[in-house]
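Below: one structure, written as structure tokens.
Only heavy atoms go into these numbers, but all of them, side chains included; no hydrogens, no water, no symmetry mates. Remember, it's a predicted structure, so these values are computed and weren't measured experimentally.
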Amino acid sequence: MEQVDTIAAVATPKGESALSAVRASGPDCESLAQAIFGRKHALSPRHAYYGSYASQDGEIVDDVVYCFFAGPRSFTGEDSLEITCHGNPLIASKILTDLIARGCRQSDPGEFSRRAFLNGRMDLTQAEAVMELIQARSDRALKAASNQLRGAFGRQLGVFKDKLLSNIATIEAYIDFPEEDLPDEQLEAYVKGIQELMTFCSRLIDSSQYAAFLRDGVKTLILGEPNAGKSSLLNLLLGFERAIVSSEPGTTRDFLRERIILGPHSIQLMDTAGLRKAQSDIEQEGIRRTIELADEADIFLLVEDSSLPSPTLPEPILKRLSRENCILIRNKVDLGNESPSTLPVDGCSSIAFSALTGAGLDSLKSTLLQLIDSSFSNDEDDLILVNARHGVALQDLQACLNSALQKLEAGDAMELVASDMRGALDAIGSILGKIDNEAMLDVLFSSFCIGK
């Protein structure tokens, strides 16, 4: 899609920094650079220049480094100009204002990435990965977003699409020549091929749960009776005093959310109200919210006062606990008067801990990391981030393949099978942001001598 205007924007966050970047994209970029920096000769693409930025009224705004990218070898696929100035927000704002005065338009949110997509520089999965990369909160999330930006998801779907096109092309041939009987071995090959595609599709759908862990962090719920040391544990894990700690029970009425990085993982910690018979309406509401949070939690850190008997937990919380998602933390071992303990679930890990001295903290972190790695990790090198939009399309894709498989096995008309297969192709196209109807024809005519 041809763009007729040149857009510009500040590409770095607001606030003071060492450097700021202003970027422009569109057909006027080279002439803008020549006018601003007084250059009489053409710019060498992808070459960094040093110069003084002169506004339209002749004011020297700043000494900058600028680089011209000739389309289509640029991020957007158009001629682009990137200007790096000193990191005073006023300087970047003045440069942007001057570019707009020279005929540029302030870009809309995401418009640079949108132009990159429209100009074929990336598919939709790569465009979405730009924001995933910016918002990544852990090493694993960063790696997954980087893989996706480099086209890992698109390549996987490309292999999927090629196999699908091959099947469609062969089916279309039998539709065009109905007098040719479909050999049993060919039918078996179709069935096997669709089953393989369905397996691949299921793997992608299953990966969406791990993608949620990467985006949101592993949701880790800290729970226990009042005064067991939940808030003290939160503060120790964070490394600063986030929660109020008091000898008075029931001081945490609402829940707190904070994030930490543990190894390659982002962990979302949730400190909750103490579980007991509520003494007030406010405390009762806090306990109700704790039980609600248990439904969305991935991991539970159950904190007990080691000098007291193990508490009786609410049934809704007990149902959520398992050896794979629960760690029992026996706090206050520094008091030296431990009471017998009962594990909330058989086989769950138990840590002797002191929030006062920090004893057991390293053991807790190690156990928590092992639990995450065993239950929620994914070591695939081509890890991708399946978002909600992808998930809907993958569900459609799976439904179309399943319908095609049932029709094949039932001996239904091949036209109906082909219709389902085309639906599957459309679902792939909706993920990538393009549906290439000519691709099926290319495969069809290259594989068969139809009309010879």
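Both tests pass for R23 against the ring of F112: distance under 6.0 Å to the centre and angle within 45° of the axis.
Residue D346 places its CG atom among 12 or fewer non-hydrogen atoms of other residues, nucleotides or ligands, all under 6.0 Å distant. Within 6.0 Å of NZ in K219 there are more than 12 heavy atoms belonging to other residues, nucleotides or ligands.
Under the 4.5 Å side-chain criterion, counting only non-hydrogen atoms from C-beta, I95 is in contact with C85. The shortest side-chain heavy-atom distance between E296 and L221 does not fall under the 4.5 Å cut-off. Put simply, the side chain of L302 does not reach to within 4.5 Å of the side chain of I317, judged on heavy atoms. You'll find the side chain of K365 reaches within 4.5 Å of the side chain of L361, heavy atoms only. Residues S306 and L335 form no side-chain contact, since every pair of their non-hydrogen atoms from C-beta on lies 4.5 Å or further apart. By the 4.5 Å heavy-atom criterion applied to side chains, L204 and L397 are not counted as neighbours. Between L157 and L432, the closest side-chain pair of non-hydrogen atoms falls below 4.5 Å. Between L164 and L401 there is a side-chain heavy-atom pair separated by less than 4.5 Å.
Considering only residues two or more places apart in sequence or on other chains, Q126 meets the side-chain contact (heavy atoms from CB on, under 4.5 Å) condition with M122, D123. With sequence neighbours excluded, the residues forming a ring pair (Phe, Tyr, Trp, His ring centres under 6.0 Å) with F200 are F160, listed by chain and number. Here Q268 pairs with R257 under the side chain to side chain donor-acceptor pair (under 3.5 Å) rule; sequence neighbours left out. Partners of D305 by salt bridge (Lys or Arg N to Asp or Glu O under 4.0 Å), not counting sequence neighbours, listed by chain and number: K332. Residues satisfying the side chain to side chain donor-acceptor pair (under 3.5 Å) criterion with S350, sequence neighbours excluded, are absent altogether. Every residue two or more places apart in sequence or in another chain that forms a salt bridge (Lys or Arg N to Asp or Glu O under 4.0 Å) with R389 is listed here: E128. Residues forming a side-chain contact (heavy atoms from CB on, under 4.5 Å) with S419 (at least two apart in sequence, or on another chain): none. Remark: A129 pairs with Q148, L149 by the side-chain contact (heavy atoms from CB on, under 4.5 Å) rule, at least two apart or across chains. In terms of the side chain to side chain donor-acceptor pair (under 3.5 Å) criterion, residue partners of D334 (sequence neighbours excluded) are, by chain and number, S354.
Using modelled atom types, no side-chain atom of D62 and backbone atom of V64 make a donor-acceptor pair closer than 3.5 Å. For the pair S93 (side chain) and P89 (backbone), a donor-acceptor distance under 3.5 Å is absent. Not a single donor-acceptor pair under 3.5 Å links the side chain of R320 to the backbone N or O of F300. Side-chain atoms of R121 come within 3.5 Å of backbone atoms of S74 as a donor-acceptor pair (strictly under, hydrogens ignored). Remark: the backbone N or O of A355 is paired with a side-chain donor or acceptor of N331 at under 3.5 angstrom. At least one donor-acceptor pair under 3.5 Å links the side chain of T272 to the backbone N or O of I222. No donor-acceptor pair closer than 3.5 Å links the side chain of S166 to the backbone N or O of D162.
When all heavy atoms are compared, the tightest approach of K230 to G224 is CD-N, 3.3 Å. Heavy-atom minimum distance, S25 versus E78: OG-OE1, 2.5 Å. The minimum heavy-atom distance linking F153 with T125 is given by the pair CD2-CG2, 3.5 Å. What you find for A393 and A427 is that their closest heavy atoms are O-CB, 3.6 Å. Closest approach of G26 to R115, counting heavy atoms only: CA-NH1, 4.3 Å. In terms of heavy atoms, D298 sits closest to G217 at OD2-O, 4.2 Å.
Looking only at atom types and distance, the side chain of R150 has a donor-acceptor partner in the side chain of S146 under 3.5 Å away.
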Show your reasoning for whether side chain to side chain contact (heavy atoms under 4.5 Å, CB included) applies to M198 and I194. CA-CA 6 Å; M198 289 180 67; I194 293 177; 4.2 Å; yes
Under the criterion side chain to side chain contact (heavy atoms under 4.5 Å, CB included), I'd like the reasoning laid out for I267 against L237: C-alpha separation, chi angles, the key distance, then a yes or no. CA-CA 11 Å; I267 298 177; L237 289 171; over 6 Å; no
Verdict with reasoning, R330 to S310, per side chain to side chain contact (heavy atoms under 4.5 Å, CB included): CA-CA 10 Å; R330 297 279 290 164; S310 297; 4.3 Å; yes
Show, in sequence, the C-alpha distance, side-chain angles and deciding distance for Q398 and S202, and conclude whether the side-chain hydrogen bond (donor to acceptor under 3.5 Å, both in side chains) test is met. CA-CA 8 Å; Q398 191 177 54; S202 295; 2.9 Å; yes
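With L371 as the partner, the side-chain contact (heavy atoms from CB on, under 4.5 Å) test is satisfied by one option alone out of T220, V218, I299: I299.
One finds the OG atom of S403 at 10.0 Å from the CG atom of L408 (value rounded to the nearest 0.5 Å). Residue C29 holds its SG atom at 13.5 Å from OH of Y66, rounded to the nearest 0.5 Å.
Note on residues 259-268: no pairs pass salt bridge (charged side-chain N to carboxylate O under 4.0 Å, His left out), not counting sequence neighbours. Applying the salt bridge (charged side-chain N to carboxylate O under 4.0 Å, His left out) definition to pairs two or more places apart or across chains, those involving residues 407-417 are K407-D420.
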Report, one line per pair, each donor and acceptor closer than 3.5 Å where one atom sits in a side chain of residues 6-18; sequence neighbours left out.
{"residue": "T6", "atom": "OG1", "partner": "D28", "partner atom": "N", "Å": "3.1"}
{"residue": "T6", "atom": "OG1", "partner": "D28", "partner atom": "OD2", "Å": "3.4"}
{"residue": "T12", "atom": "OG1", "partner": "A21", "partner atom": "N", "Å": "3.2"}
{"residue": "S17", "atom": "OG", "partner": "L19", "partner atom": "O", "Å": "2.7"}

